Amino acid sequence: MAEDLEMFLRQKGLERVTLMGHSMGGKVAMTTALFGSPKIEKLIVVDIPPANKGLGGLFRGYITAMEKIARTEINSPSEADEILKPTIPEIPIRQFLLTNLKKDETTSKFRWRVNLASISEYLDALGEFPPENLDKPVFDKPTLFVRGSRSDYIQAGDEELIKRYFPQAVIREIEAGHW
């Protein structure tokens, strides 16, 4: 995904970038920065540390529920929400996942805009950090980590790890959960 992001930056002709990512997007942003992209001047990472945090069981359940929707012809996001409810009782998580549901202009049916098969196949790898193929795992430019006060994704003990990869990092907490 970091390579895809780097290619996107090149294709759009973006030379000076402040990159921000939340959760899995934060891992992509961190990885892209650590690969040494000269385009990235500043980094903002929202509610995810640079650590191996397994995505297994909980996220596997999300993907399975989303795949069930993909196999069903649905006519509205509320129909998709009903399918998610038994597996994902938390409304904010369902609402977040449903932001990836888009109406197909041709068929007028709803479908996922994310590649569920790829996410499912590489889910374990997505939880790993840093990627094994990093030569110089330090991004020594301005970096902001934002932690949600009602989230357990960034723990107090993660600060040392954050500073190892991002020496200029500042960590701030906001009143929010992860989703």
Side-chain angles (χ1 to χ4, degrees), residues 1-6 8-9 14-63 65-66 77 81 84-85 87-101 112-114 119 122-134 136-179:
M1 286 188 203
E3 291 168 358
D4 292 338
L5 178 55
E6 184 65 39
F8 173 83
L9 296 175
L14 301 173
E15 295 299 324
R16 298 175 57 207
V17 176
T18 296
L19 190 59
M20 180 172 78
H22 167 258
S23 198
M24 187 186 307
K27 286 207 177 208
V28 173
M30 287 186 284
T31 302
T32 304
L34 289 172
F35 270 120
S37 174
K39 299 174 186 306
I40 302 173
E41 294 186 342
K42 297 177 184 174
L43 180 65
I44 302 168
V45 180
V46 182
D47 213 33
I48 195 79
N52 281 325
K53 301 272 183 169
L55 299 178
L58 189 62
F59 281 83
R60 182 72 56 204
Y62 299 164
I63 298 299
M66 293 169 74
D81 188 49
L84 292 176
K85 258 185 207 177
T87 306
I88 307 167
E90 303 88 352
I91 293 171
I93 296 173
R94 290 198 318 268
Q95 288 174 335
F96 175 76
L97 294 175
L98 289 171
T99 64
N100 290 291
L101 193 64
W112 296 109
R113 67 177 175 170
V114 295
I119 293 172
Y122 296 104
L123 190 59
D124 293 334
L126 291 171
E128 295 174 2
F129 196 90
E132 294 176 10
N133 54 347
L134 282 175
K136 185 189 121 206
V138 172
F139 180 76
D140 197 12
K141 295 180 182 178
T143 304
L144 172 64
F145 276 77
V146 180
R147 167 179 43 213
S149 62
R150 295 187 314 275
S151 171
D152 61 358
Y153 278 75
I154 295 180
Q155 304 287 318
D158 290 329
E159 186 168 344
E160 182 180 324
L161 191 59
I162 289 169
K163 291 289 193 175
R164 178 174 5 139
Y165 294 111
F166 306 95
Q168 293 189 40
V170 174
I171 303 168
R172 296 287 184 254
E173 185 171 285
I174 62 169
E175 183 62 32
H178 182 75
W179 301 97

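The model shown is predicted, which means the values in this text are computed figures rather than measured ones. Hydrogens, waters and symmetry mates are skipped; everything else that's a heavy atom, side chains included, is used. Residues: numbered from 1 along the sequence shown.
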May I ask you to decide if [Y]'s main-chain N or O and [X]'s side chain share a donor-acceptor pair within less than 3.5 Å?
X: K141; Y: I40; value: yes
X: E160; Y: G157; value: no
X: R16; Y: E41; value: no
X: K27; Y: A51; value: yes

Minimum heavy-atom distance between [X] and [Y], given as atom pair plus value:
X: M66; Y: L84; result: N-CD2, 4.2 Å
X: S151; Y: D47; result: OG-OD2, 2.5 Å
X: P77; Y: L101; result: CA-CD2, 4.0 Å
X: T87; Y: G61; result: CG2-O, 3.6 Å
X: G26; Y: V45; result: CA-CG1, 4.2 Å
X: L14; Y: K39; result: O-CD, 3.3 Å

Within a radius of less than 6.0 Å around NZ of K163, do more than 12 heavy atoms belonging to other residues, nucleotides or ligands occur? yes
Could you tell me whether E159 atom CD has more than 12 heavy atoms of other residues or ligands within 6.0 Å of it? no
Between D140 and Q168, is any pair of side-chain heavy atoms under 4.5 Å apart? yes
Picking from Y165, F166, F139, what satisfies side chain to side chain contact (heavy atoms under 4.5 Å, CB included) with M30? F166
From CA spacing to verdict: side-chain hydrogen bond (donor to acceptor under 3.5 Å, both in side chains), E175, S149: CA-CA 5 Å; E175 183 62 32; S149 62; 3.1 Å; yes
Under 30°, 30 to 60°, or over 60°: which ring-plane class applies to Y153 and H178, parallel, tilted or perpendicular? parallel
